Structure formats: C-alpha cells, structure tokens
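First comes the structure, then the notes that go with it.
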There are 2 protein chains.
Amino acid sequence: MSTMKEVAMKAGVSKATVSRLLSGKGYVSEATKVAVYQAIEEAGYRPNLLARNLATNKSQCIGLVATNTLYNGSYFNELLSQAAKKLEDNGRQLILVDGKHSAEEEQQAIQFLLDLRCDAVIVYPRFLTVDAMDSIISQHKQPIMVVNRKLRSHQSHGIFCDHKGSSFQATRHLLTQGHRDIAFITGSLDSPTAIERLSGYKAALEAQGLPIREQLIIKGKWTPASGAAAVESLLAANTPFSAILASNDDMAIGAMKVLHAAKLSVPEDVSLIGFDNIPTAPFLQPALSSVKDPVSGMVNEVINRLISMLDGGYLSQNNAFSSELILRDSVAPGPYFGQ
Amino acid sequence: MSTMKEVAMKAGVSKATVSRLLSGKGYVSEATKVAVYQAIEEAGYRPNLLARNLATNKSQCIGLVATNTLYNGSYFNELLSQAAKKLEDNGRQLILVDGKHSAEEEQQAIQFLLDLRCDAVIVYPRFLTVDAMDSIISQHKQPIMVVNRKLRSHQSHGIFCDHKGSSFQATRHLLTQGHRDIAFITGSLDSPTAIERLSGYKAALEAQGLPIREQLIIKGKWTPASGAAAVESLLAANTPFSAILASNDDMAIGAMKVLHAAKLSVPEDVSLIGFDNIPTAPFLQPALSSVKDPVSGMVNEVINRLISMLDGGYLSQNNAFSSELILRDSVAPGPYFGQ
DNA sequence: TTGTAGGCGTTATCAC
DNA sequence: GTGATAACGCCTACAA
C-alpha cells in the first residue's frame, strides 16, 4: 500500500500539503492540486484510516453491541437497518459487535469498541443490569446509549418502551371482549422485557379482580418452537383457555401452528395476540393480532441524540416510547374451553 | 484516557517493558509484573487499539459488506449470526458495513473496510458484477471473499450455490406430481439469484417439452407484499394454475395469505413452494414446501478459508454448495384450475 | 501557499 | 531482564 509520503514525493511536495488537500483544511494552489491528484491516481493511494484516527482521535464510527442470539429476530433486523441507514446519512459507520451470552462478555464488547476509539457506543443489553450500565456510562468519556432500558442515573442515555403497559392493554382488550381464560406464553425470563410483559398480564387480571392461574402461564424461549411446545403442553394438560397472549410474534406463530393442527381456528376458537409485529406476522393470518414495538422510533431517537452530543446542537429528551396495539380481531370467546 | 507511557512512569519502568508484558512476548520479572499490573489498575489503563493496529499492521477485524435492503431478510440473519459466531471463536471481530443501493456504493463500502485495514473482507454482493469483483480482488493484497457468486478468475475467493439447479429440481418435483400449470413468482430481476431461479424453472419446463407461458411468470420483489400482489394479479387475470413456485419464502408467505383469502387451501387446491427456508416458514403451514439454501454451510466455508489464508494451514476448496429440498406435501393437482 | 517538525500510542529491534 | 529509539502513517501548529 502506498503512503502519503510516496504521493508527496511523486508530486514534488511535502506530506503536509497532501494532507491539507485531502482534509480540505488550509490553502493549496490549483497547480499543486492537479499534481497531487495525479500522483494519488498513479500511486493508487488510499489513506490509512488507522493512522488518521490515531492522529485526530476520532473515528467516525459508532459501535453497536447486541447478543448474537438476537441476530435471528426481526426485532434486531429493524434495529440494525434503522441504525445503519440513519448513521450513514450522517456520514458515520456502524460497527456491530457480538455481546455473546453473559454480562461479562457484553461488557467486554463495549470495552472493545471503546478501545477501538469509536465515537460512541449503542448497547442493546441482554445481560448487563441497569445499574451495571449506569456505572459503565459514568466511567467513560464517550457517549454510551442504552436501548430498551430505563436507566437510573443517566436518564438521557437510555431509551425505553413501556412493555408492562402494552401487555396490560393487550390483556385488557381480551378481558373486555369477555375472555376469562387467557393463557400467557412468557419469553426467556432472564430478559427484563419478558418479565415486564408477564407483569402487565398479571396486573390486568388483578385490576379486573381475577385470579392469576399459574397453569395458564407457560414458559417460552422467544422461538417459534417454544411457542408451539407451550400450546401443546396447554392442550395436554387439558386446561381450558379461550385466548393466548404470546410474548412475541415468533412464539405466536408457533402457537398458531399447533392450534391449527388441533383443528382450532384463530380467532374463532382461540384469540391470539403476539408482540413486536414482525413483518411476516400480518401475512400469517389476518386474524393474528400483535403489539407493535416502537423499535424504529427508539433507534431514531437514540441516534439523533448521539449526533447532537457529538456534533453539538439541540438535544431532545424523549426517553419513553409507547407500543401501538394492532388488533385484527375482535371476537368474543367461542364455545371452546379446553379439549 | 491514560496511555502506556503513564503506566510505565507509575510503575517506574519503560514503555517497552509494559508493552512486553501486555503482549506476552519477551521476559519480564515477577516483581515488575506486579508493579506494572498495579499501575495499570490504578491508572485505569486501556490499550489504544488504533495505535496497536497501526504499529502491527493488523486489526483482528474482518469486514462484511451487505446491502441494507437485505437486513430485513432472515437469509441475512443466518449469514450474520453464523459469521459473528465463527469469527469470535477465532478471536476476531466482525465489522458490518452497508453496501447501500448501487455498485459504486458497494465498492466504497469494501474500500472503507480496506482503508480501516481489516485483515479481510467478506462481500455479499448485490450490485457489483462478477467481473467487477474479480477486478477488485486482484487490486488488493487483503483477501476478499465473495458469497453467493461464482467468480471467473479468483475461483478460490468465491463460494456459490446452484440456484438454477435447485429451482429446476423443485419445478420437476411439481411436474412429476402431475402439475402442468405452474406459476412462478420471481425475485427482483436485478439480482443474479432471481435470474438463476427463474431460468431453472424454465429449464425444467423445457426438459419436459412444455411451453413457457409468460402469463404464469409474475415479477416480485422478494417481499411478502409483492408475493401477495403476484397471486392477486394471477387470480384477477383468471389464468389457471395448480401450483406456485415463489422465489423466496417471504413471497410464498404473502402468496399463501391471498390464497387463503380466496378460499384456496395449500396444498389441496394449490401446491406452494418457496426458497431459503426461513425459520418461521415451517410454522406457517405444515404444507408449505421450501428449498433450503446452504447459507450456514457457505459462511462456514468462507470463514474457514479466510482463517487458513490469514493464519496459514489447510485450504479447502469446496466452492459449490447445494440446496436441500424440503418438501412437505406430495399432492397431485386437484380440480382447481383458475377461477 | 508551502515545508518543517513534533506528536498520536503502540510495537519491535537493538544494545546494555 | 530492561530501556532507548526508531518505526507505523497521518495531522497540525508554526515558521518561512
């Protein structure tokens, strides 16, 4: 690889002149401009970004940390494509690093991006607690933004969505329609989102003065297969139910498969609601309802805030986003209550 | 941020000693080890990777270029998660950069990663032609691997799948079952994969001595919505068909929705086959068949080859991968032939 | 308008 | 075992 020095020699000028021309800072005469550009062409010169970043102490790169178990979900797709587009519009690059499967590895991923001297880091945490995040943020100069979490001490660095509230509303929607035997399929319970959605369900039942029946709460793992297994166990246990709230659309899809196999239709026999509103979900069955998470809104806000932190400018402070209920059915419970 | 110099001063040694200790190369006495580690702790020192990479001319980073329009598909998910996992097992990081929406931007993305001094680049091209890729590869010292393309001059840098062959087989499967009116929904025709799948369909018909009927070939855009639109136009045109081959699963899902809405069941009334075998597809309907692309196999091979190029070792040369036909129905055409 | 020189934070090659 | 010292390739006062 040819260096700036070589270009300078070829053009008969100094490195400084070449640098000035390339960075657009400082004056360069038309004549030397031509000569330098030609030398660059001849040499096939390309700037070494490592050297440049080292010298300027900037990288024009934003890091993103997410666990690779998320890479399968369309929630992450949305996050990634939104972030990539917004950042590139802003002339920056996104660097994605795997947070793997523990709090320690998640922290290492953040550290790696910081060591790479990324201008900022966006974290979609899976294992690190809110307190850990808060502490990491205060230890570093670079901005670290946290998606899907309500931070305690660095509120402006976090952005979140009221999962409990949307789950509450979805449950209440079913209750309003007359459903009383509502099964709930949880996500992985080591995830705060899963816990919040479960608590929203419970809260809605309680608000209605209904008991929480543990046999109607089945543990899932976010995957279609675990959603299918959940409904199978429900059927096997012979527990009556007229509606299912699945903690994400993937599990709702798995649930629907088993319902169909059992000759139960949605929503005539069983009402089914998922969360996240993944792109293929509406195509599965017009009757599948879903709670749409405001991923794109959150990502937009995170990046806007980041840009204003880095480049200066207005800093908005909208931390809390709301889900949108997309309900495609409004069917009262049918005669079916268990096998 | 504290530097190595500061650590050295604190510990009362030279930078060289600290560097030796950290890199594990060269001898350091136990006593100084302790002193240095303590100084590192006190200073909260973190190595500057930019400086290190500049000095060593290595980055331990592998770049990946893909268009952001792909970020939505689960094909890309598979690619990304596979690549991230394999590379991290190998102690390297994956840097993802958007190839945007033109050949020029795709090339710029590659160039950016090269300028960042990534050890190698993996490209999942969407706009750059095979010849352009070949030429880019020969212009650079760093290995550049190309997924899903058969290169002309740098065969060992490309890895591909016989899309035409698998489309041929899927079509022949339908023909063998007695289908004669097979509709085909294409992908975006500016993508080589879309073209290959279409040509496999045509070839299978020709091999059987059947005419290619343009009214049965509908242009899609890879999305569920375009799959739905395709079937709607088919129904509106009143063209008889007993089977549909959709160029990917997303479009098959969209197609299925419209079929259901028209009171046509799969596969009793219409046989439906998709491509890629996305995770949710098998959950949609037990009857949806799909041709599974060997993404994970290809990614594995690409990365294995990359690692052996970079670290030395055995270099396998398996360029061509085959799809796997996953057929869930074997239903002969029913009485339905158009509206 | 241009060149000189020092610095960014490492690694690596020597002597000692 | 350890410490100067010169790279690595670029930026940026400051001087000319």
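These numbers come from the heavy atoms of this one structure, side chains and all, not from hydrogens, waters or symmetry mates. As the structure is a computational prediction, the values presented were derived from the model and not from experiment. Below, chains carry the letters A, B, ... as their sequence lines are ordered, and counting in each starts from 1.
B/Met4 comes within 4.0 angstrom of a base, heavy atoms only. Among the protein residues, A/Ser23 comes within range of no part of the nucleic acid, since none of its heavy atoms lies under 4.0 Å from any strand. Within the 4.0 angstrom heavy-atom criterion, only backbone atoms of the sugar-phosphate kind lie near B/Arg46; the bases stay farther away.
The residue among B/Ser29 and B/Thr56 whose nearest nucleotide of DNA chain D is located toward the 5' end is B/Ser29. Along DNA chain D, the nucleotide nearest B/Thr17 and the nucleotide nearest B/Leu54 are compared for position; the residue whose nucleotide lies closer to the 5' end is B/Thr17.
Side-chain contact, B/Thr193 with B/Asn148: a donor N or O sits under 3.5 Å from an acceptor N or O. With 3.5 Å as the limit, one finds no donor-acceptor pair spanning the side chains of B/Ser191 and B/Ser188.
Distance from the side chain of A/Pro47 is smallest to D/dC10 among C/dG9, D/dC10, D/dT12. Side chain of B/Ala55, nearest nucleotide from C/dG9, D/dG9, D/dT2: C/dG9. Comparing C/dA12, C/dT4, C/dT10 against the side chain of B/Lys15 picks out C/dT10 as the nearest.
A sub-4.0 Å separation between OP1 or OP2 of C/dT1 and a side-chain N or O of A/Thr32 is absent. Proximity of B/Ser14 to the phosphate of D/dG3: a side-chain N or O atom is located under 4.0 Å from OP1 or OP2.
Put simply, the side chain of A/Arg20 and the base of C/dG3 share a donor and an acceptor less than 3.5 Å apart.
Look at A/Arg305 and A/Glu301 and you find a salt bridge, because one of the NZ, NE, NH1 or NH2 atoms lies within 4.0 Å of a carboxylate O, short of that distance.
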